[in-house]
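Notes to accompany the following structure.
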Amino acid sequence: MKVTKKPLSDLRRPERNVRMHTDKQLKEFRRSVEMFGQIRPIVVDEAGVILAGNGLYETLLSMGHTEADCYVVSGLTEAQKKKLMLADNRVFDLGVDDLAALDEFVMELKDDLDIPGYDEDLLRAMVMEADEAGEALREYGTIDQDKVEEIRETGERYEAREEASAQKAEQYIPQESSGGAPAQAEQTQRFVLCPKCGERIWL
């Protein structure tokens, strides 16, 4: 593969791009270029249309670069160019992390975890010593004493309101029918009316 230097002014964005680049991603692109330089070429066709590497192109422009390493592919049909653009974005998405290897790398780099694409605080949490992790877990979710008292007082007020509402409930005892005959079974039951919702509570 022959990589050549090309002026960024000679490159052109494609009319459509299947990958949208977020501000966060472009920020990490920039960190990567600042740390390592351009580590992969931008792929373009004979006319300078970008087929792969749009995010890198935007990053280099924003950093004030005037040229970039490029790989020119020639002889592709329009359909093949579209397939290349789709494949370039999709194939990398199909990979999965080897978490064991990731842990080993992070442990080996624990004194310097400034790595583009990763949250440094998250990486530091990964290398936290066992006792530090235990202490963090013990502190997680704890409630200070003032909050405990507030919760207790709220519960007591709620119970007091419930008791007061129960005392205000009206009790109904259905009377016998005018003919002296016993009322229906459902009617002879005693109930109270809930002071909040008005529903019958059968006793």
Side-chain angles (χ1 to χ4, degrees), residues 1-137 139-141:
M1 179 175 71
K2 183 179 180 180
V3 176
T4 60
K5 289 279 188 184
K6 281 186 170 292
L8 291 176
S9 58
D10 288 352
L11 307 186
R12 295 190 294 119
R13 300 178 181 87
E15 292 183 3
R16 293 174 294 174
N17 185 19
V18 297
R19 177 59 56 93
M20 294 184 293
H21 301 286
T22 64
D23 291 341
K24 179 175 177 58
Q25 184 186 29
L26 293 176
K27 177 183 176 181
E28 296 304 311
F29 259 130
R30 186 185 187 101
R31 290 181 61 206
S32 178
V33 173
E34 289 173 344
M35 192 174 294
F36 309 116
Q38 184 184 349
I39 59 175
R40 59 171 54 89
I42 298 173
V43 181
V44 299
D45 66 8
E46 304 96 325
V49 176
I50 300 171
L51 303 178
N54 285 279
L56 177 56
Y57 169 75
E58 298 293 347
T59 299
L60 294 174
L61 278 180
S62 70
M63 294 176 68
H65 289 233
T66 58
E67 59 182 13
D69 292 334
C70 296
Y71 172 58
V72 181
V73 292
S74 56
L76 297 182
T77 65
E78 290 302 312
Q80 288 174 324
K81 292 176 184 178
K82 291 183 176 68
K83 287 183 178 181
L84 189 157
M85 295 171 70
L86 289 168
D88 177 69
N89 286 292
R90 180 57 179 162
V91 170
F92 285 103
D93 290 341
L94 298 177
V96 294
D97 290 336
D98 182 333
L99 297 181
L102 176 62
D103 286 345
E104 291 176 1
F105 272 58
V106 171
M107 289 298 296
E108 292 167 4
L109 295 169
K110 63 181 180 180
D111 294 326
D112 182 9
L113 294 172
D114 179 17
I115 305 170
Y118 286 90
D119 185 313
E120 186 171 350
D121 290 338
L122 177 60
L123 295 180
R124 292 201 178 282
M126 292 174 61
V127 299
M128 186 181 297
E129 297 295 337
D131 56 344
E132 294 175 337
E135 181 64 26
L137 288 173
E139 293 178 357
Y140 181 78

Interatomic spacing from [atom1] in [X] to [atom2] in [Y] - rounded to 0.5 Å:
X    : Y    : atom1 : atom2 : result
N17  : N54  : CG    : CG    : 4.0 Å
T66  : L60  : OG1   : CG    : 10.0 Å
L113 : M126 : CG    : CE    : 9.0 Å
Q25  : T22  : CD    : OG1   : 5.0 Å
Y57  : I50  : OH    : CD1   : 5.5 Å
K83  : L51  : NZ    : CG    : 14.5 Å

Worksheet item: Just by modelled atom types, is the E28 backbone N or O under 3.5 Å from a matching donor or acceptor in the S32 side chain?
Response: no

Any side-chain heavy atom of [X] sitting closer than 4.5 Å to one from [Y]?
X    : Y    : value
S62  : L26  : no
D88  : V43  : no
Q38  : V3   : no
L94  : R90  : yes
L56  : V33  : yes
I115 : F105 : no
H21  : T59  : no
R13  : E58  : yes

Closest heavy-atom contact between [X] and [Y]?
X    : Y    : value
G53  : I42  : O-CG1, 4.1 Å
K82  : R16  : CE-NH2, 3.7 Å
D119 : D121 : OD1-N, 2.8 Å

Worksheet item: Taking everything shown except R40 itself, do over 12 heavy atoms lie less than 6.0 Å from its CZ?
Response: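 Counting neighbours around CZ of R40, 12 or fewer heavy atoms of other residues, nucleotides or ligands fall under 6.0 Å, so no.
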
Practice prompt. Could you tell me whether D114 atom CG has more than 12 heavy atoms of other residues or ligands within 6.0 Å of it?
Written response: yes

Worksheet entry | Selection residues 59-79 - residue pairs positive for salt bridge (Lys or Arg N to Asp or Glu O under 4.0 Å), sequence neighbours left out |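 Only K5-D69, E78-K81 qualify under salt bridge (Lys or Arg N to Asp or Glu O under 4.0 Å).
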
Fill in: Salt bridge flag under 4.0 Å for residues E34 and R31
no

Item to complete: Would you sort out whether V72 and K6 count as a side-chain contact (heavy atoms from CB on, under 4.5 Å), showing the intermediate values?
Response: CA-CA 10 Å; V72 181; K6 281 186 170 292; 3.5 Å; yes

